[in-house]
Structure formats: structure tokens, C-alpha cells
Number of protein chains: 2
Amino acid sequence: MTTEQEFLASYNVKDFDQPLFSVDSVVFRYFESQLQVLLVKRKGFPFKGRHALPGGFVDVKNDHCLNDVALRKVRDKTGVEPTYCEQLNTHGSPDRDPRGWSATTIYLAFLRPQSTLIEDANELAIWANVSEVDSLDLAFDHLSIVNEAFKRLHDRCSYTLIGAALLGETFTLSALQSLHEHIFAHKVEKKAFRRRVEASGQLIETGEYTAGRGRPAMIYKLCETALEYSFVRAMD
Amino acid sequence: MTTEQEFLASYNVKDFDQPLFSVDSVVFRYFESQLQVLLVKRKGFPFKGRHALPGGFVDVKNDHCLNDVALRKVRDKTGVEPTYCEQLNTHGSPDRDPRGWSATTIYLAFLRPQSTLIEDANELAIWANVSEVDSLDLAFDHLSIVNEAFKRLHDRCSYTLIGAALLGETFTLSALQSLHEHIFAHKVEKKAFRRRVEASGQLIETGEYTAGRGRPAMIYKLCETALEYSFVRAMD
DNA sequence: CTTAATAGTGGCGTTACGACACTAAATAAA
DNA sequence: TTTATTTAGTGTCGTAACGCCACTATTAAG
């Protein structure tokens, strides 16, 4: 074997023991003051009938990157693109899947509050309150993965504005503050929060106001660069 | 097929098209005022003879997690455990490896300045200056991965003390400051740097002092929790 | 017209950083 | 033996951004 051509011609992936490799997503939405996570009820083995994160194997014919795999699966369940998506990490071990050594790359993604699920999907998809996933007996190591994803969300919210991607396209500062209070599990000081957000320069006043009980609130939207913005100092 | 046992008994990973999966590491050391990265000269195809990151495939018989894979490979080249190790991210695409769709999980690891390489390893290992890797024509997408790893190092150094894991077990504040200046590619204000490090409470005076030209410097070491510490505010 | 609810501001004290001049302690040179 | 040079380390003032909390503003409900 002297040339790379010869090597590649005779190379067969299946001559070697390789782990299973999948891509799964932790998709959050913030609906009616609850942080929820997208789960699917598994139709096949292993863990048949148990709830799990949406995800699956790479389609080596069509997927061009790991992001593609994650988005394809989320699109299958919801019909829409996430408002935010980042790679979280990758877990591998011989025990996490009964089929053998397996590795899975996890994505963290957000959908808007009013996102609905596609009814006729193969697997039944549900929104579960994050506060209640512990009691759902998730498949694989998906419970600890949801917890890691929440921790990442918490961390990111303390020095970025990505939490806003969990709100509607437009939102009020009070709504953004409430979201942060929910994620941090404690109150945030109003003036300090507004000063900080204002100083970032990442929010645009729409000129519209809310109506209803109490003083109308200015409605804002994110500017283009908002999801890449980092504060120099962390909250929380 | 009605039970999970039956399913697993008849399941064969090789019945499906799976990507190749590997684990590679970007291992840095800070030697003689140069940040260097560990590379190996590839002995086999593909990219035979080119330089690449140390890494390889999961040993499904012996590895218990992805960390194990990364550390095993680094140990093969250096004989020692890194002073710091974290998972960076995972890249996958149909193009990055001529053998087919492949995914690789990248680890970021540090070794001490005086770390040596094991001579009789299968593949020749070298330390390359990070400032010069561009000219080395690295295999796969490893050049962009080295750049990502450096960016992560840069980011982490701006709000943690992990840079200290690139120094000897003991070090002076001036040495730590110089390291940061090298990574940030600009001067750091001495007083501000010392105040910050001092306030973290993560450094311990050894009571020893350096000798040589100029005033002797206090020698410090990291406390146990130092590598997990995060500053509330970022530098740089 | 008053009250409750929600939105938004003023202002003071504190923390941590930037800048920069200063002191301290060693060796090297005169 | 004195002076210069080098490196380590401190004092202090100004500033940016946060914590805190009292205050004003604007709406709907009673």
C-alpha cells in the first residue's frame, strides 16, 4: 500500500469497532412563566415508550454538519427553526446505550413561547416543564444532560442576552427581567437590570407600547448582534 | 420483535451507515515565552507525513469516556497527565476526512513548560510554536481547530486563572502576568492584575522567593479550587 | 376620584478596574 | 563603596457599573 488512493480504495469503516454516534438537542421554550423542554416519546427500542431528547443519527447522505443533524430533528417535531442554537458538549461511554459504546453531541436550542408541535410526527412530542423532568424517568443519560443544558442556559444568561431568544420577537424589559428571575431562581434588581441592558446597546425600541393593567410598557426587539453580545461583568 | 432483549440480540451497529468518530486534543505548553502546541507527524494514511493533532479512535474495549480517549493519547506521547483538561467542541462533516463522514471531539489540555516527549512513540511528536502552525500545513481541519482552541484559551484566561496551569507548579505573579500578556497580545496593568488575582483568594504564598537579577519575587502556588474559579468581571 | 397595578427614574454608596507615580530589594557597574 | 539598573510590589485618585431603595408616571378597576 503505497498511495493514499490505494489506501482509501481498500478502506472500509465497518472493518473497525466504532461507537454509535448521535446528535441530540435540549430545546427550551418559556411558556406561561414556565421553562419547558421538548421531549419525544420513543417509539422503538431501546427505552421504548420512555421520554427522551429529540435527536438521532447522522444521515451521511444529506447532513453537512452536526448543526444540520440537530436542526433537522427539531424541524421534524416543530416545523420551525430555533431562534438560538449552540453546541453544548459531547458525552460518550460504553454504558449510556445498551446497544454498545455510544457518543452523542448535544445542542442547546430555543423556540419561541407560542411554538407548537407537529401532530403527525412519527414520535409523539411534548413540552415538559423543566422543574418536573426529574419525575419523567428519561431514557439514556438524558436527565443529566437536561440539567447540564439548564446550567449552561443559566450561565449564559448571566453575561449575555440570549435569554431574549426565549421570548417573542418583541418583548418588554419587565418580561425579560422576569425570565431572568425565573432562570436564576431569585429576584433581579430592576434599576440595575435596566441600566445594564440599556448600556449594552443591543435592544431597539419599537415605539409600540403594551396595553392593559398598569402603565404601558415600551416594546423592544433585539438588534442583529444581540445574541453574540457579551457583558464584561456577570450578573447573578 | 416484542422485547428489548430480542431487539438488542439482533442489533448490529454495522448494519447502519455511521460516521467515523475520533477524539483529538489541542495540548498547549508555555515554553521559553512561547505558547506551543503538541503535534504528531502522521505515520499512516490519510495525510501521511503531515502534522496533526494527537488523537485517535475510541478503544471500545477499554475507554470509559471521551476524556479517557483524550488522556490516553496524550499520555502515549508525553508520559504525563495534563495539568488542565476540558472538552472544547465537536466537529462533523462529510469532507473533513477522505475516508468519509467523520466527527471528532476536541479536548483542550495544558502541560507544564518542562514537559518532554516520549522518544520511542510510534508517531514522532513535536512542539510547534502556535504563532507558526499556519505554515505547517496541518492535516484535516486541524489548523482551524488549533485556532479555535487558542480562542477558547484566550477567553478563559480573561475570566479564570486556568492560565496558571501552563506554568510550573509554583510561579511568580510577574510570570503569570507575562503569560496573560502573551495570550492577550497586549500589556496588562500590573497593579490591576495583582489586585484582581489577590482578591480571588485562589493563590497561596509559598514563603519562598526567587533569586537573581532584581528584587526577589514571592513564589505562589494555586489552591485546590483555583482552576474552577471564575471572576465576575472579564479582563482584556 | 381613589386605589391598585405595572413601568420607569433619581441618586447615593460600593466594588473593582485603569492609570501612573511611587517605594523596595536585589545585582551589576563604576 | 557608591551609583545605576533591574525587577517586585504599593498608594492613590478617578471612573464604570452595580446594589439598593425611594421616588415618579401612566394605565385600568372600583
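Just the heavy atoms: all of them, side chains too, but no hydrogens, waters or symmetry mates, feed the values below.
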Note to self: Considering every strand and a 4.0 Å limit on heavy-atom distances, what is the contact class for Met235(A): base, sugar-phosphate, or nothing?
What the structure shows: nothing

Check: Rounded to whole angstrom units, what separation is found between the CZ atom of Arg233(A) and the C1' atom of dT15(D)?
Finding: 13 Å

Next item on the list: Establish, with yes or no, whether the OP1 or OP2 oxygen of dT6(C) is under 4.0 angstrom from a side-chain nitrogen or oxygen of Ser174(A).
Entry: no

Check: What integer distance in Å separates Glu198(B):CD from dG11(D):P?
Finding: 12 Å

Item checked: Electrostatic pair Asp155(B):Lys151(B) at N-O distance under 4.0 angstrom -> yes

Check: Charged N to carboxylate O under 4.0 angstrom, Glu123(B) versus Arg42(B)?
Finding: no

Next item on the list: Return the nearest nucleotide to the side chain of Ala192(B); candidates are dT26(D), dG18(C), dA8(D).
Entry: dG18(C)

Note to self: Just the rounded figure in Å: distance from C1' of dC21(D) to CZ of Phe193(A).
What the structure shows: 19 Å

Notebook entry, point to check: Looking at the rings of Phe28(A) and Tyr30(A), which for Trp means the six-membered one, are their centres under 6.0 Å apart?
Noted result: no

Checklist line | Upstream residue (5' side of DNA chain C) when Lys191(A) and Arg215(B) are each assigned their closest nucleotide | finding: Lys191(A)

Notebook entry, point to check: Is Arg194(B) near enough to dG9(D) that one of its side-chain N or O atoms lies under 4.0 angstrom from OP1 or OP2?
Noted result: yes

Item checked: Touch class at under 4.0 angstrom, heavy-atom based, for Arg196(B) against every strand present -> sugar-phosphate

Check: Quick one: which of dT12(D), dT6(D), dC21(D) gets closest to the side chain of Arg195(B)?
Finding: dT12(D)

Item checked: Gln177(B) CD - dG18(C) C1' separation (whole Å) -> 13 Å

Notebook entry, point to check: In whole Å, what is the span from the CD atom of Glu189(A) to the P atom of dG11(C)?
Noted result: 16 Å

Notebook entry, point to check: Parallel under 30°, tilted from 30 to 60°, perpendicular over 60°: which one fits the rings of His142(A) and Phe140(A)?
Noted result: tilted

Note to self: Using a 6.0 Å distance limit plus a 45 degree cone around the ring axis, check whether Arg29(B) lies over the aromatic ring of Phe31(B).
What the structure shows: yes

Note to self: Expressed as a whole number of angstroms, how long is the span from Asp236(A):CG to dG19(D):P?
What the structure shows: 10 Å

Notebook entry, point to check: Just how far, in rounded Å, is C1' of dG9(D) from CG of Leu176(B)?
Noted result: 15 Å

Margin query: If you only use heavy atoms from C-beta on, which nucleotide in dG9(D), dA4(C), dG8(C) is closest to the side chain of Lys190(A)?
Written below: dG8(C)

Next item on the list: Among the candidates dT27(C), dG8(C), dG18(C), find the nucleotide nearest to the side-chain atoms of Met218(A).
Entry: dG8(C)

Checklist line | Whole angstrom value for the distance that separates P of dA5(C) from CZ of Arg213(A) | finding: 6 Å

